[in-house]
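Before any comments, here is the structure.
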Amino acid sequence: RRVHGLLVANRRALFTNAATIATLGAAYRLYRRRLYLFGLVQLLRRLLIALCAAFLSRSPAFLLGGLQVVILGGGALQLRLRPHLSPTLDTLDLIVTASLSVLLACAAL
């Protein structure tokens with residue numbers, strides 16, 4: 001708890017600290033300052049996709065529906081927050097998400 005409190009209290013200094021940037025690299029500087037932990041959201045989305053594949057694989061309809069919910073939910077969050085520093089990365093991520101959603105919809109037919 002104490003470590004978490006220190007990290008949250010010093011998040012502005014950590015975001016611009018040269019040692020932190022050197023350690024964590026480009027992945028850390030990929031997102032806007034207020035959304036610097038958005039990488040965790042993307043990891044959570046991948047985990048949910050894996051869980052859907054593991055637990056809903058007996059029924060193709062539930063599997064495709066669950067995957068569609070996770071992918072479209074992540075895309076909606078991405079569209080609302082626009083977390084990347086570069087608008088090009090946001091657009092590219094949305095195009096990939098939309099393409100995956102269309103591919104899943106075609107697989108459902």
Side-chain angles (χ1 to χ4, degrees):
R1 257 187 174 221
R2 184 182 170 125
V3 172
H4 179 265
L6 288 171
L7 287 173
V8 170
N10 294 315
R11 67 183 180 270
R12 292 183 197 271
L14 287 173
F15 189 79
T16 58
N17 186 351
T20 303
I21 293 169
T23 302
L24 298 176
Y28 189 71
R29 294 292 296 175
L30 195 60
Y31 303 106
R32 297 179 195 273
R33 183 176 298 224
R34 65 184 176 86
L35 297 168
Y36 68 95
L37 291 176
F38 196 78
L40 293 177
V41 172
Q42 290 186 333
L43 285 174
L44 179 64
R45 182 170 62 176
R46 291 179 189 139
L47 175 67
L48 289 174
I49 289 171
L51 289 174
C52 281
F55 293 114
L56 300 177
S57 61
R58 289 191 177 192
S59 171
F62 284 129
L63 175 62
L64 292 174
L67 290 174
Q68 198 73 285
V69 166
V70 171
I71 290 168
L72 289 176
L77 189 63
Q78 177 87 18
L79 184 64
R80 174 142 171 30
L81 295 177
R82 298 280 183 169
H84 293 101
L85 285 172
S86 168
T88 305
L89 288 176
D90 283 328
T91 304
L92 181 64
D93 200 4
L94 287 171
I95 289 171
V96 169
T97 301
S99 300
L100 185 56
S101 178
V102 168
L103 183 66
L104 280 173
C106 291
L109 298 176

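All values below come from the heavy atoms of this structure, side chains included, with hydrogens, waters and symmetry mates left out.
- Residues in residues 71-83 take part in these side-chain hydrogen bond (donor to acceptor under 3.5 Å, both in side chains) pairs, two or more places apart or across chains: Q78-H84, Q78-D90, Q78-D93.
- Remark: V69 pairs with no residue by the side chain to side chain contact (heavy atoms under 4.5 Å, CB included) rule, at least two apart or across chains.
- Looking at residues two or more places apart in sequence or on another chain, you find a side chain to side chain contact (heavy atoms under 4.5 Å, CB included) between S86 and T88, L89.
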ask   = Which is it for T97 and R45 under the side-chain contact (heavy atoms from CB on, under 4.5 Å) test, yes or no, and what are the steps along the way?
value = CA-CA 12 Å; T97 301; R45 182 170 62 176; 4.0 Å; yes
Side-chain donor-acceptor contacts of residues 46-65 below 3.5 Å, not counting sequence neighbours, with atom names and distances?
none

Taking distance alone, no hydrogens or angles, what donor-acceptor pairs closer than 3.5 Å link side-chain atoms of residues 99-109 to residues at least two apart or in another chain?
{"unit_1": "S99", "atom_1": "OG", "unit_2": "I95", "atom_2": "O", "d": "2.8"}
{"unit_1": "S101", "atom_1": "OG", "unit_2": "Q68", "atom_2": "OE1", "d": "2.8"}

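- In the hydrophobic clustering (ILVMFWY side chains linked at under 4.5 Å, chained through shared members), L79 is joined by L94.
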